[in-house]
Amino acid sequence: MKRLILIQNDFSGAGKTTLSHCLHHYLQSYRVAHHCVTIVESADDSRPVVQIEAATMRRQAFVAELDRSDLVIMEIDSGMGDPFTSFYRRNELETLLPELGFELAVLIPVTSDRECFDGVTEAAAVYSDSAQYLVVHTPTGSCYDDDERAWERSYAARVMDMFEAADMEMPVISDGLDLKLKLSHRELPQVMIEPSTDPEMQQEMSKWFRRVSSQIETARNHIFGDAFRPTIAIAPEPKRRSRAKSKVATEAAA
């Protein structure tokens, strides 16, 4: 089956663009054919992605984007949730997508801010049983403790349990990378689009993305389904034995 991945949450700063770029780079690393598009209020030529303005979006243009690949990642900009919902219902996409051979996966980034959870219940009300759900937890600090408690006690979490949603945690960026971003006055998605010339920042970004890839790997089937068709194989990194364990093994052999 083909797969349409919707990334949405009207809460600004939930991590939609970062997640979209992470999925794109992950698929690129396996050379998986895919297509990225963003639903926006007004197009911005500086954004290196196909954009559809919500006010002018028509069924024909939407289907044309789906025709470009068997795996489509569609980010819905903050504030565009209601217009897309109206478009979804008006054009009966719940019926149209299966007719076009597409399964629907809805990825909802959330932070520990309770207002952010509204995007979860809103998505469930729109797509209901027509979609698979993945809740992506975007860290707002150096640990997940507060984030986890806020989410686990929420009504939104219970709703997602009803739909058997999966969960994924975005790794926290290192203090070094956080400092580099602040000093360069750039946001994480910007550096993902236009890599820094700073070798230290590049190194920190590489370390962070390896951790992101590991998280995506655990939820790969849930996110991409059968549409994940790699053209290259990536060998897993060899496990490093600690010096302490190596020493114990050597002494035992002696």
My understanding is that only one of Q190, E187, E75 makes a side-chain hydrogen bond (donor to acceptor under 3.5 Å, both in side chains) with T17; could you say which?
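Result: among Q190, E187, E75, E75 is the only option passing the side-chain hydrogen bond (donor to acceptor under 3.5 Å, both in side chains) with T17.
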
When clusters are formed by joining ILVMFWY residues with side-chain heavy atoms under 4.5 Å apart, either directly or through shared neighbours, do V135 and F11 land in the same one?
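No; F11 is not reachable from V135 via cluster members.
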
Do the side chain of N9 and the main chain of A14 share a donor and acceptor less than 3.5 angstrom apart?
no

What I'd like to find out is whether the side chain of Q215 reaches to under 4.5 Å of the side chain of R211, using heavy atoms alone.
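They are not in side-chain contact.
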
Give me the one residue out of H34, H35, R229 that meets side-chain hydrogen bond (donor to acceptor under 3.5 Å, both in side chains) with D70.
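With D70 as partner, side-chain hydrogen bond (donor to acceptor under 3.5 Å, both in side chains) holds for just one option, R229.
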
Is there a side-chain contact between D118 and E122 (heavy atoms, below 4.5 Å)?
yes

Are the side chains of Q51 and D44 in touch, meaning some heavy atoms are under 4.5 Å apart?
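Q51 reaches D44 side chain to side chain.
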
Heavy-atom closest contact (R59 atom, F87 atom, distance)
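Heavy-atom minimum between the residues: N-CE1, 3.7 Å.
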
Under a single-linkage definition using a 4.5 Å side-chain heavy-atom cutoff for Ile, Leu, Val, Met, Phe, Trp and Tyr, are Y26 and V212 assigned to the same hydrophobic cluster?
yes

Could you tell me whether Y30 and F228 have their ring centroids closer than 6.0 angstrom?
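Yes: the rings meet the under 6.0 Å criterion.
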
Mark yes or no for whether H25, through its side chain, and M192, through its backbone, hold a donor-acceptor pair below 3.5 Å.
yes

Minimum heavy-atom distance between Q202 and T197, given as atom pair plus value
NE2-CA, 4.1 Å

Of all heavy-atom pairs between M1 and G101, which one has the smallest distance, and what is that distance?
CE-O, 3.5 Å

Is there side-chain contact between S29 and F209, with heavy atoms separated by less than 4.5 Å?
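No; the side chains remain at least 4.5 Å from each other.
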
Tell me whether the count of non-hydrogen atoms from other residues, nucleotides or ligands lying under 6.0 Å of CD in E115 goes above 12.
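Check fails, neighbour count at 12 or below.
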
Checking T111 side chain against D113 main chain: does a donor-acceptor pair fall under 3.5 Å?
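Yes; at least one donor-acceptor contact below 3.5 Å.
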
Do you know the tightest heavy-atom contact between M201 and L177?
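Closest approach of M201 to L177: CG-CD1, 4.1 Å.
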
Got a second to check how far D10's CG is from T85's OG1, nearest 0.5 Å?
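Going from the CG atom of D10 to the OG1 atom of T85 covers 8.0 Å.
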
Looking at S69 and L71, would you say the former's side chain and the latter's main chain have a donor-acceptor pair under 3.5 Å?
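Confirmed, S69 side chain pairs with L71 backbone.
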
Contact between L181 and I173 at the side-chain level, heavy atoms closer than 4.5 Å - yes or no?
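SC-SC contact between L181 and I173 confirmed.
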
Let me check something: do V49 and I76 share a hydrophobic cluster, defined by ILVMFWY side-chain heavy atoms less than 4.5 Å apart, either directly or through other members?
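No; I76 is not reachable from V49 via cluster members.
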
Any side-chain heavy-atom pair of I216 and F224 under 4.5 Å:
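Counting from C-beta outward, I216 and F224 do come under 4.5 Å.
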
Could you walk me through whether L107 and L23 pass side chain to side chain contact (heavy atoms under 4.5 Å, CB included), step by step?
CA-CA 11 Å; L107 276 55; L23 296 183; 3.7 Å; yes

Do V63 and V37 share a hydrophobic cluster (ILVMFWY, side-chain heavy atoms under 4.5 Å, transitive)?
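Yes: a chain of side-chain contacts under 4.5 Å links V63 to V37.
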
Straight-line distance of F62 CZ to M74 CE, nearest 0.5 Å
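Result: 4.0 Å between the selected atoms.
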
Does any non-hydrogen side-chain atom of S174 lie less than 4.5 Å from one of W208?
no

Taking every non-hydrogen atom, the tightest pair across R89 and A125
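In this case the closest contact between R89 and A125 is NH2-O, 3.8 Å.
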
Rounded at 0.5 Å granularity, tell me how far CE in M80 sits from CD in E53.
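Nearest 0.5 Å value for the CE-CD distance: 10.0 Å.
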
Under the 3.5 angstrom rule, does the side chain of S12 hit a backbone N or O of S78 as a donor-acceptor pair?
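No, the answer is negative, given that no donor and acceptor are paired below the 3.5 Å cut-off.
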
With the threshold set at 4.0 Å, does a side-chain nitrogen-carboxylate oxygen contact exist between K180 and E204?
no

Under 3.5 Å donor-acceptor, S86 side chain and D82 backbone:
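Yes, the answer is positive, given that a donor and an acceptor are paired below the 3.5 Å cut-off.
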
In short, F102 meets V72 closest at the heavy-atom pair CE2-CG2, 4.3 Å

Can you confirm whether more than 12 heavy atoms, excluding those of E200, are under 6.0 Å from its CD atom?
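Open: at most 12 neighbouring heavy atoms sit under 6.0 Å from CD of E200.
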
Quick one: CD on E94 to CG on D129, what's the gap to the nearest 0.5 Å?
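CG of D129 is found 9.0 Å from CD of E94.
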
Should V191 and I193 be regarded as members of a common hydrophobic cluster, given that ILVMFWY residues are connected when their side-chain heavy atoms come within less than 4.5 Å of each other, either directly or indirectly?
no

Euclidean distance, Q8 CD relative to I39 CD1, rounded to 0.5 Å
10.5 Å

Distance from L104 atom CG to Y88 atom OH, nearest 0.5 Å?
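L104 atom CG to Y88 atom OH measures 5.5 Å (nearest 0.5 Å).
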
Using only atom types and a distance under 3.5 Å, with no angle test, would you say the side chain of H222 pairs donor to acceptor with the backbone of Y133?
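Looks like yes, one N/O pair under 3.5 Å.
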
Would you say W151's side chain and A157's backbone share a donor-acceptor pair under 3.5 angstrom?
no

CZ/R186: more than 12 non-hydrogen atoms of other groups inside 6.0 Å
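Counting other residues, nucleotides and ligands, CZ of R186 exceeds 12 neighbours.
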
Is there a side-chain contact between L27 and I73 (heavy atoms, below 4.5 Å)?
yes

Would you check, one step at a time, whether the test side chain to side chain contact (heavy atoms under 4.5 Å, CB included) holds for L66 with L97?
CA-CA 9 Å; L66 297 183; L97 289 173; 3.7 Å; yes

Is N91 reaching over with its side chain to a backbone N or O of L93, donor-acceptor style, under 3.5 angstrom?
no

For D67, does its backbone N or O pair with a side-chain atom of K2 as donor and acceptor, under 3.5 Å?
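It does not hold such a pair.
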
Please walk me through it: do F84 and L6 pass side chain to side chain contact (heavy atoms under 4.5 Å, CB included)?
CA-CA 11 Å; F84 184 80; L6 290 182; 3.7 Å; yes

